[in-house]
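Heads up: the structure comes next, in structure tokens.
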Amino acid sequence: MKSSDCMSGFNGAKFCWMNGDVIKTDKALVSAMEPIHLGIFEGIKAYLEGDLRGEGQQNIFAWEKHVSRLFRSAAVNGLQMPYSKGQLLEAAKTTIRANEFTSNVYLQPRIWPKAGASRSKPESHVVIPAWEMSTLLGSGNPAFARERRFIVSSWRRIASDALPPQAKSWANYGNSGLAERESRRLGYDGAILLDNRGFVSESTGACLMIVKDGVATTPPVTASILESVTRDFLLKYLPVDVGIETEIHDLTRLDLYASDEAFLCGTGGEITPITSIDDIKIGEVYPGPLTTRIHDYYSRVVSGQIEKRRNWLTPVWS
Ligand code: PMP
């Protein structure tokens with residue numbers, strides 16, 4: 001996924017939630033002196049039921065996992081969390097309802113210290129912007145099969161003993177931005193970063209999986225990745241629901257080149273197939289057959305079509 005896809009709606013929809021109230025997004029103003037660079041955030045999606053395109057109601061995918069990571073990120077960065085998980089869920093639902101979205105929705109809860117906050121007086125802003133977002137999911141969606149040429153960036157992924165990638169801090173995305181801009185400058189669609197040991201880490205805004213001999217493999221958390229909700233979901237359920245074996249182990253740059261298929265996974269990136277890495281074509285068929293099966297499976301999960309995984313969905317309108 002390009003991080004810019006995620007950032008494209010940065011101005012948000014008509015309404016957002018800020019410090020306890022739904023307000024007009026253009027009234028969600030703070031002083032330029034706010035320490036926003038110390039902030040953290042979360043990226044969450046709510047999908048329409050059914051075919052992801054028609055009329056319908058949205059369900060938030062993996063709310064509990066995302067909100068738990070939000071709390072962990074806040075704790076790591078020493079941010080005070082003024083609301084409970086339950087209050088944030090109500091806030092998220094209220095934001096979607098207020099905007100009367102008729103499509104799939106991206107929510108981006110953001111937390112940062114208020115100006116003047118200190119250890120003895122910790123106080124945080126909590127804002128939930130939302131916007132409608134296009135999707136690569138859905139059966140026969142042409143956006144899924146679009147070609148995507150990636151490079152291995154010359155930038156290394158931030159090391160976990162410097163700026164922990166497991167916390168979703170804005171600061172981490174300076175690293176993503178460097179790799180993203182490098183790929184654009186060279187005329188590519190995106191970048192994969194190696195970690196500080198030289199093993200494959202992740203992309204700029206999504207995790208990476210490769211397929212080799214029918215097995216889907218992804219780098220471990222110790223390879224400086226964000227602990228992706230989507231990656232965890234796929235690791236857990238691909239073997240049982242789709243019959244695809246999964247593995248977690250370090251990958252070299254050569255493993256990428258020699259893979260049968262490669263794809264990104266993430267909330268924004270969903271299941272994004274990769275055509276080539278460093279101009280080396282991945283596999284013989286694009287998108288690869290397992291990537292396509294995983295895409296179809298994930299599409300059905302988030303749109304509520306797999307009964308036994310409906311407990312991963314939180315209805316917005318009830
Ligand atoms: N890595 C990075 C750097 C990301 O920004 C994201 C998107 N949140 C992911 C991985 C995927 O994480 P998730 O599946 O939880 O969205």
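Both ligands and their constituent atoms are indexed starting at 1 by order of listing. Every heavy atom of this structure was used, including side-chain atoms; hydrogens, water molecules and symmetry mates were not.
The aromatic ring centres of F61 and Y298 sit less than 6.0 Å apart.
Side-chain atoms of E34 come within 3.5 Å of backbone N or O of A115 as a donor-acceptor pair. A donor-acceptor pair is defined here as one N or O able to donate and one able to accept, closer than 3.5 Å; such a pair exists between the side chain of S203 and the backbone of A191. Of the possible donor and acceptor atoms, none in the side chain of E90 sits under 3.5 Å from a partner among the backbone N and O of Q87.
Of all the heavy atoms of A206, the ones lying under 4.0 Å from any atom of ligand 1 belong exclusively to the backbone. Here N172 has no heavy atoms under 4.0 Å from ligand 1, in either its backbone or its side chain. Under 4.0 Å from ligand 1, not a single heavy atom of K65 appears.
For ligand 1, one of its N or O atoms has an N or O atom of V229 under 3.5 Å away. At least one N/O-N/O distance between R69 and ligand 1 falls below 3.5 Å. Taking any N or O of S228, backbone or side chain, at least one lies under 3.5 Å from an N or O belonging to ligand 1. Residue T267 places at least one N or O, backbone or side chain, under 3.5 Å from an N or O of ligand 1. For a threshold of 3.5 Å applied to N or O pairs, the pair formed by S203 and ligand 1 contains no separation below that value.
Among residue pairs with one or both ends in residues 234-256, those qualifying as ring-ring contact (aromatic ring centres under 6.0 Å, His included) are F233-Y237, Y237-W312; sequence neighbours excluded.
For the pair Q108 and ligand 1, no heavy-atom separation below 4.0 Å is found. Ligand 1 lies less than 4.0 angstrom from a heavy atom belonging to Y173.
Comment: E202 engages R157 in a salt bridge, judged by a side-chain N to carboxylate O separation of less than 4.0 angstrom. Salt-bridge annotation for D279 and R149: present, with a side-chain N of the basic residue lying under 4.0 Å from a carboxylate O of the acidic one.
Residue K85 places its NZ atom among more than 12 non-hydrogen atoms of other residues, nucleotides or ligands, all under 6.0 Å distant.
Of the options E64, R72, K65, a side chain to side chain donor-acceptor pair (under 3.5 Å) to S68 is made by E64 and by none of the others.
The closest heavy-atom contact to atom 2 (C) of ligand 1, among the options E227, E202, Q166, comes from E202. Considering each of G43, S176, G205, the one bringing a non-hydrogen atom nearest atom 4 (C) of ligand 1 is G205.
Close approach of ligand 1 to R157 (heavy-atom distance below 4.0 Å) involves ligand atoms 3 (C). Per-residue contacts place C207 under 4.0 angstrom from the following atoms of ligand 1 (heavy atoms of the residue considered): 10 (C). Here is the list of ligand 1 atoms found below 4.0 Å of a heavy atom in T204: 3 (C).
Shown here are the side-chain hydrogen bond (donor to acceptor under 3.5 Å, both in side chains) partners of S31, two or more places apart in sequence or in another chain: there are none.
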